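In what follows, a single structure is set out as structure tokens and then discussed.
Note that this is a predicted model, so its numbers are computed, not measured.
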Amino acid sequence: MAQADNPAFVRDQVAEVIYDRCESCHNDYIYDGNWSVEDIQISDISHGKNLKRWESILKSVAMGDMPPAEKKPLTPQQKASLLQWLENALNRYSELNPNPGRSTIRRLNRSEYANSVSDLLALDVDITGLLPGDDSGYGFDNNADVLGISTTLLERYLTVAGKVSRLATGVAGEAASKTSYVVPKDGSVKNSGVPSFDLRMSDDLPLDSRGGGSFDFYAPTTGIYEIAGFINANTNNEVDRLDIHRHSYRQTLAAGNHTIGMAFRKRLALREHVPTVRKGTSYVVLPDREPEELELDFILDGARIHTTKVPSYHMSPRFSQAAFLRDVLEIEVTGPLSNGHEITAATPGVSQVETASTRKIFVCFPDTTETASESVSFRNNAEAELKCARQIVSQLSAEAYRRPTNDTDIQPLLGVFKQARQDLTFRASIATTIQALLVSPGFLYLQEPAPESAPPGSIYKINDFEFAARLALFLWSSLPDKELADAAESGKLREPAALRQQIQRMLGSEKAQALTDNFAGQWLYLRNLPHHFPDVFEFPQFNIPLKYSIQRETELFFTRILKDNRSIFDFLNADYSYLNEQLALHYGIKGVKGNAFRKVGLNQQSHRGGLLGQASILTLTSNPNHTSPVKRGKWILDNLLAASPPPPPPDVPALVAEHDGIALSAREQLERHRTDPVCAACHVRMDPLGLALEQYDAVGAYRTEYAGQQLDVTAQMPDGTQFEGLNGLHSVLWDRRERFAQAFIDRLLTYALGRGLEAYDQPTIRDIASLAKADNYRMHSIIEAVVTSTPFNFKTAPEAKNEQQQIAKIH
């Protein structure tokens, strides 16, 4: 056998390279990276020792971070041999010793809970805002280790469960209530009030509308409701809500979900006269002409239902409104102001409420009188009511618990029903029972107990119902629907053809928007954008509509890659994006008209492409008043290469913005910062990536100079690779595209499993990448490989029979 074919010879070569090239920095005296070659042995991998260290070495060498540029580089043959041997050895150990990991019992986070409640009760109401936010772990808020529960949190869930159960069953709405929606606005400009926008501000408004806004409203019962709105007063503090600026209209609403809006009419020729805003703030500009009458529309479910006339400005001793166009500041709905019986005839034994929720919940209805005081009716019809209640509870609990239920599951809920029925109507008692269901452990937690037959510490396959629950949480952040549950019950769900068909169906559903909202929203930090506020004096053009547009661009970009089954490499350098007129103007791209988003091809002159050319990413990785190459570089390492630098040391000095009275560029500031060896180790990896993006300001607009100086966007990677600007950065990332593929899979698998990944998960990532490579790393191929992976399908049984399992029970 030739020496090159001898595994022992290759292993000896690897050992020689490790000790020859690493020992000078990673030894017992210098101890760079907090490790020494004396701590590891080449035989470690075959014994499952130091796997985290060996995975780190594999990643560092593959990324080109090691050896550093100032050290003697590895020859191409040495690098290839080292990487191949390490990868094969780590993969081989994983294959012989599979480890799917053991996660903490997993509570539904608030997004999953809200979606699950909505699907379970067919209730189109977003309750996310009613629940407290969840902590994040490993970058996602569905991480089981951080999803704890406290008495206070449980009380909040109980309150919300009570509210939605009453809405769903139609027993809410006995007393009028008010729902308010504050239209997003920018701050006051030069002490002259809040500006409005000559744009259609929502897709739920008529095409010829201007300004205003809309929101979703759920009418608890059929009745008359008052729709009202406050239009702007344009004082320097827009908290005024005076009756003179309140306009209202009463409308009959059917029980269920509606879209409520208010807006002004948009005309081809602007009818409102707006004087030039003053330069100072010492006096109020008086109008130079009489006010005109404007049409203010009340909009229900996309159609105008009423129009009223309002003056184009208002005068008072305190303020004049003429500085800006009039606009809607706040919309409110109050009601019901009448009893639904006055509008629809009551059906004997059935409330006037008829919605998708009531149709799903009340699969039966006993012939009883709907009054709370008639306990005699309950005693006389107890058997019929319990039979109907059992039928309702059986259906809902099987869906809520994500598995077939039995009498043990149903009896506690029937106990709640019987106790509630002593004082409440049948319908209200079912509402109380549903409230109990929505806070029960079987619904609130993802339950995956080990089978009795599984030996302690063994690896076992989760059953099809548990698999369906995992799949629904992954792709929909919700419950399995009937088709998915039926496939699990048939035992055919995990057959390749059937599973592929289910994945395609689920990704084609509107519910797959959850991947954009919950996965992409956290992977790309898009959830942070509403809370990021660039300096209004430095960037006056960055307003509320533009903030919405830059977020919508990235959301549409991710959604179309997902829905159209595009290659994930489009995230790196796609030559297209999704723009509207305002965003196109921000980018300096011509030919895009209107507020609607559409796919737009990008050329090299547009200076855009991929995620790193999008204003959302560039804005989120900047400070409010200036760019941050460090933040941008770290974002790329974290999210595109899964090569996060360690956290900064304590008391790290801030960047020095000027020297001898002269302002320093970002490049000069970072060069001074890197003179500290403690800082240089990490900054040498981050800074080049961020400096290449300096031609984009803190809100993502393209520029060629800053502070009167031409911007230098040349950079050099730790391995010596030189590049320039966004195009050069695209080339650097393209050369590392397989590393990006593994980084993306790392993020997606973390999200899918609801736990952090460990060293023993890295071979799974490489295996998924290998499967996806055959299909050019298309999105659906990656998702399918994740769903069929070992950690997604298997669990480790407790180490001992008497070990307490993490299963929540009703007491």
Side-chain angles (χ1 to χ4, degrees), residues 197 199-205 207 475 504 506-521 523-526 529 541-620 639-640 693 696 699-702 726-727 729-730 733-734 737 740-741 744 748 775-783:
F197 305 104
L199 300 169
R200 179 182 180 226
M201 297 305 294
S202 168
D203 291 340
D204 295 319
L205 299 175
L207 290 174
L475 300 184
Q504 295 296 324
M506 294 176 74
L507 291 177
S509 167
E510 291 183 0
K511 296 181 185 180
Q513 178 66 28
L515 275 174
T516 300
D517 296 338
N518 300 327
F519 170 68
W523 170 46
L524 302 176
Y525 299 177
L526 295 178
L529 195 55
Q541 80 278 17
F542 194 83
N543 54 26
I544 290 290
L546 182 58
K547 177 184 280 193
Y548 165 81
S549 295
I550 67 174
Q551 180 167 344
R552 189 66 182 143
E553 174 194 17
T554 307
E555 290 174 343
L556 284 172
F557 184 65
F558 178 88
T559 300
R560 292 323 314 170
I561 290 176
L562 173 68
K563 296 281 189 178
D564 298 341
N565 194 22
R566 304 276 303 181
S567 169
I568 62 169
F569 293 149
D570 281 12
F571 290 125
L572 296 182
N573 55 9
D575 59 356
Y576 64 90
S577 192
Y578 295 86
L579 311 178
N580 63 2
E581 182 175 2
Q582 186 172 27
L583 186 54
L585 290 173
H586 185 63
Y587 287 170
I589 296 175
K590 299 179 180 179
V592 179
K593 300 295 182 182
N595 201 41
F597 282 82
R598 78 294 311 262
K599 186 176 182 179
V600 176
L602 304 173
N603 55 34
Q604 192 167 354
Q605 286 69 40
S606 67
H607 306 289
R608 302 288 166 178
L611 287 171
L612 295 179
Q614 295 181 8
S616 60
I617 307 300
L618 295 164
T619 300
L620 284 166
N639 298 287
L640 301 187
L693 297 173
Y696 302 90
V699 294
Y702 184 76
L726 179 61
N727 288 335
L729 185 53
H730 281 163
L733 293 174
W734 183 253
R737 59 188 177 277
F740 164 71
F744 177 80
L748 191 65
D775 193 31
N776 192 30
Y777 296 99
R778 293 185 182 275
M779 183 69 86
H780 293 186
S781 298
I782 294 175
I783 289 174

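Side-chain contact between Leu526 and Asp517 is absent, with no heavy-atom pair separated by less than 4.5 Å. Proximity of Phe542 to Ile550: side-chain heavy atoms (C-beta onward) are separated by under 4.5 Å at one or more points. Looking at Thr554 and Tyr525, their side chains never come closer than 4.5 Å, going by heavy atoms from C-beta outward. Side-chain contact between Asn639 and Leu611 is absent, with no heavy-atom pair separated by less than 4.5 Å. In this structure, Arg608 and Ser577 have side chains that are not in contact, with every pair of non-hydrogen atoms separated by 4.5 Å or more. Between Ile783 and Leu562, the closest side-chain pair of non-hydrogen atoms falls below 4.5 Å. In this structure, Asn573 and Trp734 have side chains that are in contact, with non-hydrogen atoms separated by less than 4.5 Å.
From Asn565, atom CG reaches atom NE2 of His780 across 4.5 Å, with rounding to the nearest 0.5 Å. From Leu507, atom CG reaches atom CG of Leu475 across 5.5 Å, with rounding to the nearest 0.5 Å. Rounding to the nearest 0.5 Å places CG of Leu726 at 9.0 Å from CG of Leu733. With values rounded to the nearest 0.5 angstrom, Leu556 atom CG is found 10.5 Å from Gln551 atom CD. The CG atom of Leu612 sits 8.0 Å away from the CG atom of Leu572 when rounded to the nearest 0.5 Å.
In this structure, the side-chain hydrogen bond (donor to acceptor under 3.5 Å, both in side chains) partners of Ser549, at least two apart in sequence or on a different chain, are Asn580. Residues passing the side-chain hydrogen bond (donor to acceptor under 3.5 Å, both in side chains) test with Ser781 are Asp775, sequence neighbours excluded. Under the salt bridge (Lys or Arg N to Asp or Glu O under 4.0 Å) criterion, Asp570 pairs with Arg566, sequence neighbours left out. Under the rule for a side-chain hydrogen bond (donor to acceptor under 3.5 Å, both in side chains), Gln541 has no partner lying at least two apart in sequence or in another chain. In this view, Phe740 satisfies the ring-ring contact (aromatic ring centres under 6.0 Å, His included) rule with no residue, not counting sequence neighbours. Under the side-chain hydrogen bond (donor to acceptor under 3.5 Å, both in side chains) criterion, Asn518 pairs with Ser477, Arg527, not counting sequence neighbours. Legend: residues meeting side-chain contact (heavy atoms from CB on, under 4.5 Å) with Met201, ordered by chain and number and at least two apart, are Phe197, Leu199, Pro545. Thr559 pairs by the side-chain contact (heavy atoms from CB on, under 4.5 Å) definition with Gln513, Thr516, Lys563, not counting sequence neighbours. Under the side-chain contact (heavy atoms from CB on, under 4.5 Å) criterion, Asp575 pairs with no residue, sequence neighbours left out.
Listed here is the closest heavy atom pair of Val592 and Glu581: O-CG, 3.3 Å.
Ring pair Tyr777/Phe569 is tilted by interplanar angle, where 30° to 60° counts as tilted.
Close placement of the Tyr576 and Phe557 rings is indicated, their centers lying within 6.0 Å of each other.
Every pair passing ring pair (Phe, Tyr, Trp, His ring centres under 6.0 Å) that includes a residue from residues 582-609 is listed here, sequence neighbours excluded: His607-Tyr702. For the salt bridge (charged side-chain N to carboxylate O under 4.0 Å, His left out) condition, the pairs that include at least one residue of residues 546-560, sequence neighbours left out, are Arg552-Glu555, Arg560-Asp564. Identified under the salt bridge (charged side-chain N to carboxylate O under 4.0 Å, His left out) test for residues 588-598, with sequence neighbours left out: none.
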Would you check, one step at a time, whether the test side-chain contact (heavy atoms from CB on, under 4.5 Å) holds for Ile589 with Leu602? CA-CA 9 Å; Ile589 296 175; Leu602 304 173; 3.8 Å; yes
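Thr619 places no side-chain N or O within 3.5 Å of a backbone atom of Ser616 that could act as its donor or acceptor partner.
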